[in-house]
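Contents: one structure, followed by commentary.
Order of listing sets the numbers, starting from 1, for every ligand and every atom in it. Note that the structure is predicted; figures quoted are calculated from it, not measured.
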Amino acid sequence: MAMISPSRRLRRTPFSEGVEAAGVTGYTVYNRMLLPTVFRSVQEDYHHLKEAVQIWDVACERQVEVRGPDAGKLIQMLTPRDLRGMLPGQCYYMPVVDETGGMLNDPVVVKLAEDRWWISIADSDLLLWVKGVAYGYRLDVLVDEPDVSPLAVQGPKSDELMARVFGDGIRDLRFFRFGWYDFQGRGMVIARSGYSKQGGFEIYVEGGDIGMPLWNALMEAGEDLDVRAGCPNGIERVEGGLLSYGNDMTDDNTPHECGLGRFCNTATAIGCIGRDALLRVSVEGPVQQIRPIAIDAKTLPPCDRPWPLMAGTRKVGQVTSAAISPDFGGGVAIGMVRMTHWDAGTPLHLETPDGSFDAEVKEQFWI
Ligand code: THG
């Protein structure tokens, strides 16, 4: 594919200088911001992620900050997940739905205080929806996109690297909890989370000016750990079944179709804007759902459009993310499959631009 032309509309990040110095070779666009996709090769990056530790510029996971007396009320309006038990210091993976129950985004929400929240968004313009809801319901909140840029530290050696920069206390941080830690006199929110199954942290860097000093400190502290610049890995995230909004689901899908029913408490999520619609559809249950799909292939083209999943001549679903897995052998994929064919073991055919392949519905994702 031809190069993407840089311009002001395609936002750089506080870490772009470090990403370029590290030799980035591929970018995508996410929330109108640069997101690296490849450094050495997707395969080499994959093996390194599983063996060592990587620093990821995920500044494109923008924060929608909601502040004020009605903040908790507004956040609950966005999601069918019941937030009443959520405490400051916790992060939740949170489906966001519209009035039809359609997915608008699948962010991580960070509860900083009763009256201050960050919504760490996937690739859709959620800020506009949240501002619209706040205005339309005359809520007493301020909604904006602060100068906060997540930097992820991912991989099995993440704890060791983070302890060297932030102190040993960080080792005690639990999954999807956050704390405040000091770097050069600046308080930073750090959570144990991230878009991989290899373990690690996300540092919510407040103030772009401290971005490169932090990047450089992590790189220097991890030299003997073989720390490298990395990015969300297209193979590893499919093996782990981590969904990508806009790829694996859109506003045409309910959270239940996306397999996110475990993050919904629609009966008790009072105030959720899509609640009535979801209660209606949840009576019957979804008629299609996300499934892991194994593909009998040695190479696959980039999945830049849905690939039909066929049972004979009948289309029964589609694959929206796929890769060849070095560790599991053959193709791994995320698909949306009709109820009649979603049982594990169901044999299917996958139609790609490079031809047709045997495929099979799997019981669970690979990681
Ligand atoms: N971290 C932060 N913001 C994000 C992402 C992230 N915003 C964009 C995008 N990623 C949102 N999508 C996801 C998808 C999956 C997860 C997080 C965000 C995730 N899922 C775990 C899983 O499925 O195993 C854990 C979910 C749980 O148990 O709560 O982490 O990565 N800040």
Is Tyr30 touching ligand 1 with its side chain, its backbone, both, or neither, if touching means heavy atoms under 4.0 Å apart?
side chain

Mind checking whether Leu87 and Leu112 sit in one hydrophobic cluster, side chains of I, L, V, M, F, W, Y counted as touching below 4.5 Å?
no

N/O of Ser120 under 3.5 Å from N/O of ligand 1, yes or no?
yes

Distance-only N or O hit between ligand 1 and Arg81, under 3.5 Å:
no

Indicate the ring-plane relationship of Tyr181 and Phe166, choosing parallel, tilted or perpendicular according to the 30° and 60° boundaries.
perpendicular

Heteroatom proximity flag, Tyr204 to ligand 1, N/O under 3.5 Å:
yes

Can you list everything that forms a ring-ring contact (aromatic ring centres under 6.0 Å, His included) with Phe39? Sequence neighbours excluded, please.
none

What part of Val110, side chain from CB on, backbone N/CA/C/O, both or neither, has a heavy atom under 4.0 Å from ligand 1?
neither

With sequence neighbours excluded, residues passing side chain to side chain donor-acceptor pair (under 3.5 Å) with Thr346:
none

Whether Phe263 and Tyr93 hold their rings parallel, tilted or perpendicular, with breakpoints at 30° and 60°:
perpendicular

Salt bridge between Asp226 and Arg228, side-chain N to carboxylate O under 4.0 Å?
yes

Would you mind telling me if ligand 1 is within reach of the side chain of Tyr245, the backbone, both or neither, using heavy atoms under 4.0 Å?
neither

Could you see which bit of Phe176 sits under 4.0 Å from ligand 1, with heavy atoms only: side chain, backbone, both or neither?
side chain

Ligand 1 atoms in contact with Val108 (distance to a heavy atom under 4.0 Å):
1 (N), 2 (C), 17 (C), 18 (C)

